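Shown next, in structure tokens, is the structure this report addresses.
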Amino acid sequence: MVTWFLAPLVFATLGTIPAATSTCTFVMQSEGTYAYCSHKHLTVLPKAWPADVVWLDLSYNQLTNVALTEMAQPHLSHLRHLDLSYNHLQGTVKNNTFLAFEELEWLSVHGNRLAGLEADAMSGLEKLVFLDMSYNRLQLTRQTYPLGVLDPLTSLQQLYLYGNDDRFNGEYPEGMFRTLSNLRTLSIDTFARGTFGTSFLALPRLRSLLIVDKAKIKVLTNSTLNVFKNSSLEEIDTGTDLLDVEVCAFCDLPQLKILRIMSAIVPLSSCLEALYGLQHHNMSEIALTNSLNVGRPVTIDRHSFRYLRNICVKKLNLADSEIQRVKSSAFGSPEDSLYQCIQELDLSKNRILGDKIAIFLTFSFFKNLIRLRLDGQKIFSLGEASHRLGHNRDHAKDRDVDHNHWTFRIPPNLRILNCSAAFGKIGLMPGVLDFIPRDALQTLDLSYCRFHNCLTTFVPLTSLETLSLSGNDCYNISEAIFDNLPVLRELRLSNFNLNPEFFRTHARRLFQNLLLLQTLDLSLNNLIHVDLNMLRSSRHLKELNMAGNRLQSLPLDLTLHEELEVIDLTNNMLTTLEQHERQVLDKLTGKHNLTLHLGGNPLLCVCSNLDFVRWLWSTEVQLDGDGRDSRTFTCVTESGEVSDTHSVLVQYDTHWRRCVGQQVLGVTTAAFLLLLLALVIVYVVSRSWTHLRYVWKVMQRLRLPRRENFRRDAYVGYADADWEFACVTLPACLQERHGVRLLLRDFEEVPGSIRAENIVQHIDDSWKVVLLVTRAFATDEWLCGFTVQQAQRSIMDTMPDRVLVVFMEDPARLPPMASLERLLRMVPEKNMVHVRRDTPVDDPVWDRLARDILDRKRRDEYYASP
């Protein structure tokens, strides 16, 4: 099949289609052309069409009756399908209106304002199989349907006339259906009298009678359907506003296979009583849903099911009927027909109470049950439940069970089990979840059961193919939860409250055993970062749904998943798709059809993203929606304006020139500034060449001071009264034991010849300055005070730790010395050491002092050591 979504391409291919049909979409197929002109606001029809149009959809336009006469064109004579629903057709359908459509098989004028038919209005429609004239103004009178008006429709099989006649009382025109012997399905308005006339005797092959919405018939009496006695009627479908059904309403309908009483006001008990006439029948489906039972808690017991138990029905639907109690005796014994025949049971959207495990025991002996629905139970408070059930309750109470191991006994052939939102807040998921038997179940839905902990594992389910845990609070989840599901093909974890950090680091382990997985739903989990190889083991993945997260790029390595068909990334945080991601997507599309959903992402249409915008319109990847809308996404332009990708593509050249212009302007500006800077540098160098050369030489000679560059390691400043400690004890403790080269003035100068310039020179020749502070030192303002001032002067930015102060007495008891006080503000506490005159030579304080003098790094290592 080849599809053209853009009119210019259609014209170029077909050549004969005029411009008037440019609003239509054409699909070429082997049997002819399919024309889709729906929702195009057409008021007139084009004058010409492709010669082989066989399917024409003109629904949801503004066509009037004039359009019906204009359609008699040779180009449309091969039409087999014509949809004119929801237009402005009104009044009477004229004679021979459809005479030109001899091949027409399907016709719909649903949702217009037609009020009548002329006698030959249906001429030429001998091959018509389907006719929908519902929701017009066609009253069921002889004026609207002249005698014989439907006679040409000899091949008609489906006729829909409901939603036309708003009269409360009326009669069906006699002979209205006299030639419709092939009619299989009829949907028609009813009257309050509640009987079908003899006109319906002309429908020997009628299989389905549909009494749809807002039918005026209020009660199905024992005589309402008498006209169909001993007929071939197989299906009856009633609509809303039905108030009651009498006991024998369905008696003498031997061929009835499907009975649906839906969305009615009939109490469920009345519907069950009306099954009296169907006892011992073989039924395909019985649906008694949406029954109104306000204030009446419904109990399913042996008495209420006394007629139903004798019917061999395959599908039983009792959804949304306010059922609160289900007794195990209701469905009878293995000898009853219902017990043996039922294959599908729907009890969804009720208010069933009881033990969440024991409730399955009620159905566990249905040997042929294949599908069981208990989803969507309406939860209310236990107080309200007690009030509704009264004091005489015999429903099962919750029993004590092993909360670490839950065992559900299910029917032996059950394949589909839906328990979505079936229970109240369950709480912790058990450590082990077991279903017995384990080899038949194929689909299991435990979504929205209010689990808030999923540290569990399933007992091996060897046939389970579909599992849904969506809507539970599984922030804490076992990474082995899916290990025993070897054939799982579909896994739904939407709105699962996954721990983003756990998922980022453990996702690969979580999914490693799902070798056959084809569908994975991780939407609405607030995920930001994922492991691109998290699904490395699932090489057969076909659909991945990551919508409603906060992803900024594709969430997996597409090269590992060549069978991928659908990727849903709507409502994330993607701004673009990188080039390598687009290339992989195109490569996958070359192998099979690939659909990518990107709606709701904050895409950018900036300069760096223009190639992505062009890709959206050139790629073969199928995107959101149909036609042009599928590739039109909201995006933000370079200027911050909100636009869309289609508008940007239309003005692509303008955007490209602006972007290139900005780049050229940036490069030109940078080059100009570099040239200007070079000129300034040349000018400055030429004006100060000699000075710059001198500064360069000086900078080359600058070096950070090192201990090896000084003549001695430390100059020791002391008072004359402390010469013995300075000249005897210090050399023994530092010089002899640690190799510290000390400079002592009594060893360097002639005694009594102390000169200020000698002190200055000694300090300059030493790596560190050590001051021995005693009472005598603090009172010697000339010698010691001058030494302190020079020590303070020697402290520089390159040598901040040059001065070490050794207190030999308690500082608090020393007389004040102004120069020493200023020095102590500059010396950190770590450079102050306290010793006594009688400190032993092997005391650790000498090791610390030696390390402080010799090397700063070695001193830090010394402090850090134990």
Side-chain angles (χ1 to χ4, degrees), residues 705 707-796 799-809 811 814 817 819-820 823-824 826-828 830-841 843-856 858-859:
R707 183 167 59 85
E708 293 78 7
N709 303 134
F710 292 86
R711 190 164 63 88
R712 298 294 177 88
D713 292 331
Y715 170 73
V716 182
Y718 54 92
D720 290 338
D722 302 320
W723 70 270
E724 182 177 358
F725 182 84
C727 297
V728 177
T729 304
L730 281 184
C733 296
L734 297 178
Q735 193 161 303
E736 295 176 8
R737 288 177 60 85
H738 297 286
V740 179
R741 298 174 299 163
L742 299 177
L743 196 158
L744 303 167
R745 69 172 187 271
D746 286 326
F747 287 169
E748 299 291 332
E749 304 170 3
V750 178
S753 61
I754 301 175
R755 293 168 51 186
E757 58 269 21
N758 291 339
I759 295 175
V760 174
Q761 185 62 43
H762 294 335
I763 292 176
D764 291 341
D765 290 343
S766 301
W767 169 242
K768 295 290 178 68
V769 178
V770 178
L771 301 179
L772 300 179
V773 180
T774 63
R775 182 173 295 277
F777 186 91
T779 56
D780 190 346
E781 284 289 348
W782 183 84
L783 176 61
C784 297
F786 181 77
T787 303
V788 170
Q789 293 176 6
Q790 295 306 311
Q792 181 180 352
R793 178 190 61 80
S794 68
I795 298 175
M796 300 177 292
M799 300 178 70
D801 294 328
R802 193 172 189 182
V803 177
L804 300 173
V805 180
V806 179
F807 286 101
M808 299 177 64
E809 297 181 27
L814 296 176
M817 184 179 186
S819 57
L820 180 60
L823 175 66
L824 293 178
M826 302 177 63
V827 177
K830 61 187 177 181
N831 285 7
M832 300 180 189
V833 183
H834 297 266
V835 300
R836 299 189 308 274
R837 294 182 184 275
D838 56 351
T839 301
V841 176
D843 192 284
V845 71
W846 302 118
D847 295 336
R848 171 188 169 184
L849 187 58
R851 290 180 181 275
D852 288 348
I853 294 173
L854 294 176
D855 186 82
R856 182 69 183 174
R858 289 174 58 192
R859 188 187 68 144

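What you see is a predicted model, and the numbers here were worked out from it, not measured in a lab.
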Contact check, side chains of [X] and [Y], non-hydrogen atoms, under 4.5 Å:
X	Y	result
Arg712	Leu742	no
Leu771	Leu823	yes
Pro811	Met832	no
Val835	Leu772	no
Trp846	Arg737	no
His738	Leu849	no
Val805	Leu824	yes
Phe777	Val788	yes

With Asp713, the salt bridge (Lys or Arg N to Asp or Glu O under 4.0 Å) member among Arg707, Arg802, Lys768, Arg851: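 Running salt bridge (Lys or Arg N to Asp or Glu O under 4.0 Å) over Arg707, Arg802, Lys768, Arg851 with Asp713 returns exactly one hit, Arg707.
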
Indicate the atoms forming the closest heavy-atom contact of Met799 with Trp767, along with that distance.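 Smallest heavy-atom distance, with atoms named: CE-O, 3.5 Å.
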
Would you name the heavy atoms of Leu744 and Ala726 that are closest together and state the gap between them?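 Looking at all heavy atoms of both residues, the closest pair is CD1-O, 3.6 Å.
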
Establish, for the pair Arg745 and Tyr718, whether the NZ or CZ atom is under 6.0 angstrom from the six-membered ring centre and no further than 45 degrees off its axis.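 Geometry flag: set, cation within 6.0 Å and 45°.
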
Asp722, Asp780, Thr779 screened by side-chain hydrogen bond (donor to acceptor under 3.5 Å, both in side chains) with Thr774, the one that passes: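 Only one option passes, and that is Asp722.
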
Can we say Arg793 and Asp764 salt-bridge, meaning some charged N sits less than 4.0 Å from an Asp/Glu carboxylate O?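 Judged by the 4.0 Å cut-off on N to carboxylate O distance, Arg793 and Asp764 do form a salt bridge.
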
How many angstroms lie between CG in Leu743 and OG in Ser766, if you round to the nearest 0.5 Å?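 If we round to the nearest 0.5 Å, Leu743:CG and Ser766:OG are 4.5 Å apart.
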
Surrounding CD of Glu757 (heavy atoms of other residues, nucleotides or ligands, distance under 6.0 Å), is the total greater than 12?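 Counting other residues, nucleotides and ligands, CD of Glu757 exceeds 12 neighbours.
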
